[in-house]
Amino acid sequence: MHSYCFSGRRIAGLAIIVACLGIASPAWATNVIFKTTLGDIEIELFDEEKPKTVANFLAYVNDGDYNDTFIHRSVKNFVIQGGAYTFINNVVGAVATNPAVKNEPGISNTRGTIAMAKIAGNPDSATSQWFINLKDNSAELDNSNGGFTVFGRVVGNGMQVVDAIAALPIYNAGASFQELPMINYSGSGNPKRENLVLVDAINPDNFHMNAGMNDAWYDPMTGGQGFFVTVFPDIEQVFLAWFTFDTERPDESVIANLGDAGHRWLTAFGPYTGGTAELQVEITRGGIFDSPEPAPGQTIDGTITLDFSDCENGSVSYNIPSINQQGVVPIQRIALDNLALCEELAYVNAP
């Protein structure tokens with residue numbers, strides 16, 4: 001097995017003055033979130049500046065290859081490193097790697113930047129392993145081994161999490177784990193899952209609706225708007241029921257602007273792609289619960305667009321021409337029964 005490494009020491013007697021490259025935020029950028037045991041680390045990627053490296057990194061993210069990985073290397077005042085090994089069912093495995101990506105140096109390895117690790121003596125050997133610079137490492141890394149390609153930077157409060165990881169005790173677990181950061185580890189016995197700094201990587205722009213979203217949702221801005229969402233992955237269709245929390249049928253003299261006054265729900269059905277679904281509204285008229293007469297009838301009357309940003313938040317955009325009603329309703333998940341399943345499936349490309 002190749003050893004992925006880079007020098008963590010300055011070359012003795014060699015004084016190098018490196019001008020730090022200014023990194024301006026691009027007009028648009030893809031952001032990826034590392035969800036770690038100690039908190040979230042948000043990464044802004046340099047799509048335009050380092051297209052090959054970013055595409056390589058996103059391929060691993062979007063395929064779910066970084067999920068259940070762990071930080072396997074932490075060097076004080078230098079870097080933390082991950083993207084190489086998984087820990088599933090208490091077994092250490094290796095991330096399956098894609099073909100190596102051509103080196104794209106040019107942005108300095110300053111504090112908070114993320115770069116690709118590679119094989120010593122081979123500038124074009126980066127695959128899945130990445131590292132985050134804990135300090136300005138430009139003198140060590142910008143020119144050695146062809147220069148280490150910086151392809152993004154930590155944004156927001158992410159460096160607080162990075163520094164917390166870097167502050168963990170380091171243990172020598174042998175082989176590739178001689179600088180392994182661990183949590184609440186006694187120093188004896190094999191590390192357990194709770195001892196490792198686990199990492200999942202998600203691309204918020206790559207969110208996919210999935211069966212883990214089959215749950216009750218509501219509009220947090222009102223007290224009476226509820227929704228049931230059911231996703232059918234096999235046919236890539238979504239069913240939505242929109243209802244109110246009214247418990248008593250209104251007086252017969254009440255006139256509704258949509259269907260019968262006692263009707264307190266509508267349904268919609270249609271296809272989805274990624275995190276968005278385009279649904280046709282089906283208005284049900286007639287029919288009373290627990291009574292066979294009169295039989296209800298349904299007609300298509302408008303559209304609803306479901307748009308989810310993650311497993312807990314979304315929006316319902318509706319247009320119902322018959323009553324000249326349009327608008328957008330924010331929705332949030334009520335129950336958490338399927339949340340773990342949703343998060344497991346949400347950022348992995350559909351087969």
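Heavy-atom basis, side chains included; hydrogens, waters and symmetry copies ignored. All residue numbers in this chain count up from 1 along the given sequence.
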Could you go through the side chain to side chain contact (heavy atoms under 4.5 Å, CB included) check for Cys342 and Glu312 one step at a time? CA-CA 9 Å; Cys342 178; Glu312 297 185 74; over 6 Å; no
Taking the ring centre of each residue, are Phe227 and Phe243 less than 6.0 Å apart? no
Which heavy atom in Met116 sits nearest to a heavy atom in Thr127, and how many Å separate them? CE-O, 3.2 Å
Can the positive tip of Lys135 be found less than 6.0 Å from the middle of the six-membered ring of Phe78, inside 45° of the ring normal? no
May I ask you to decide if Asp65's main-chain N or O and Asp63's side chain share a donor-acceptor pair within less than 3.5 Å? no
Using the rule side-chain contact (heavy atoms from CB on, under 4.5 Å), only one of Ile165, Asn157, Ile33 pairs with Ile41; which is it? Ile165
Main-chain N/O of Gly83 paired with Ser128 side-chain donor or acceptor, under 3.5 Å: yes
Candidate pair His208 and Asn206, rule side chain to side chain contact (heavy atoms under 4.5 Å, CB included), full reasoning: CA-CA 6 Å; His208 291 273; Asn206 198 44; 3.6 Å; yes
My understanding is that only residues two or more places apart in sequence, or in another chain, count here; which of them pass salt bridge (Lys or Arg N to Asp or Glu O under 4.0 Å) with Asp163? Arg111
Heavy-atom side-chain proximity of Ile43 to Val155 below 4.5 angstrom: no
Enumerate, atom names and distances included, each donor-acceptor pair closer than 3.5 Å involving a side-chain atom of residues 271-279, sequence neighbours excluded.
from   : atom 1 : to     : atom 2 : distance (Å)
Thr276 : OG1    : Asp307 : OD1    : 3.2
Glu278 : OE1    : Thr305 : OG1    : 2.9

Looking at Ser125 and Ile119, would you say the former's side chain and the latter's main chain have a donor-acceptor pair under 3.5 Å? yes
Full working for ring-ring contact (aromatic ring centres under 6.0 Å, His included) between Phe151 and Phe46: CA-CA 5 Å; Phe151 63 94; Phe46 301 147; 8.2 Å; no
With no hydrogens and no angle check, just 3.5 Å: does a side-chain donor-acceptor pair link Thr230 and Asn214? no
A side-chain contact here means heavy atoms from C-beta on lying under 4.5 Å apart; do Leu198 and Thr36 qualify? no
Flag the pair Tyr318 / Trp242 as yes when their ring centroid distance falls below 6.0 Å, and as no otherwise. yes
So does Glu344 get a backbone contact from the side chain of Asn67, meaning a donor-acceptor N/O pair under 3.5 Å? no
Thr69 side chain to Thr86 main-chain N or O, any donor-acceptor pair under 3.5 Å? no
Between Phe177 and Tyr85, does the ring centre distance come in under 6.0 Å? yes
Suppose we screen for ring-ring contact (aromatic ring centres under 6.0 Å, His included). Which residues come up paired with Phe232, at least two apart in sequence or across chains? none
Phe34: what forms a ring-ring contact (aromatic ring centres under 6.0 Å, His included) with it, not counting sequence neighbours? Trp130
Distance-only side-chain donor-acceptor flag, Asn103 / Asp124, under 3.5 Å: no
Please answer whether the main-chain N or O of Glu140 pairs with a side-chain N or O of Ser144 as donor and acceptor at a distance below 3.5 Å. yes
For Leu141 and Val150: C-alpha separation, side-chain torsions, deciding distance, then whether side chain to side chain contact (heavy atoms under 4.5 Å, CB included) applies. CA-CA 10 Å; Leu141 302 180; Val150 167; over 6 Å; no
Kindly say whether Thr97 contributes a backbone atom to a donor-acceptor pair with the side chain of Tyr60 at under 3.5 angstrom? no
Any sub-3.5 Å donor-acceptor pair from Asp200's side-chain atoms to Asp68's backbone N or O? yes
Within 6.0 Å of CG in Asn184, more than 12 heavy atoms from elsewhere: no
Would you say Asn313 and Ile331 make side-chain contact, with heavy atoms under 4.5 Å? no
Angle between ring planes, Phe57 versus Tyr66, binned at 30° and 60°: parallel, tilted or perpendicular? tilted
Polar side-chain atom of Lys118 near backbone of Asn145 as donor-acceptor pair, under 3.5 Å: yes
Side-chain donor-acceptor pair present, Gln129, Gln81, cut-off under 3.5 Å: yes
Distance-only polar pair, side chains of Glu104 and Thr53, donor-acceptor under 3.5 Å: yes
Quick check on the 6.0 Å ring-centre criterion: do Tyr171 and Tyr185 meet it? yes
Distance-only polar pair, side chains of Ser108 and Thr110, donor-acceptor under 3.5 Å: no
Any luck finding a side-chain donor-acceptor pair between Glu44 and Asn31 under 3.5 Å? no
By ring-ring contact (aromatic ring centres under 6.0 Å, His included), which residues pair with Phe207, not counting sequence neighbours? Tyr347
Could you please spell out the steps behind the salt bridge (charged side-chain N to carboxylate O under 4.0 Å, His left out) verdict for Glu179 and Arg73? CA-CA 5 Å; Glu179 297 163 308; Arg73 185 178 184 224; 3.0 Å; yes
Got a donor-acceptor contact below 3.5 angstrom from the Asn210 side chain to the Gly212 backbone? yes
With heavy-atom distances below 4.5 Å as the criterion, would you say the side chains of Asn137 and Phe148 are in contact? no
Taking it one step at a time, do Asn203 and Leu58 satisfy side chain to side chain contact (heavy atoms under 4.5 Å, CB included)? CA-CA 8 Å; Asn203 178 357; Leu58 285 177; 4.0 Å; yes
Set of residues satisfying ring-ring contact (aromatic ring centres under 6.0 Å, His included) with respect to Phe87, sequence neighbours excluded: none
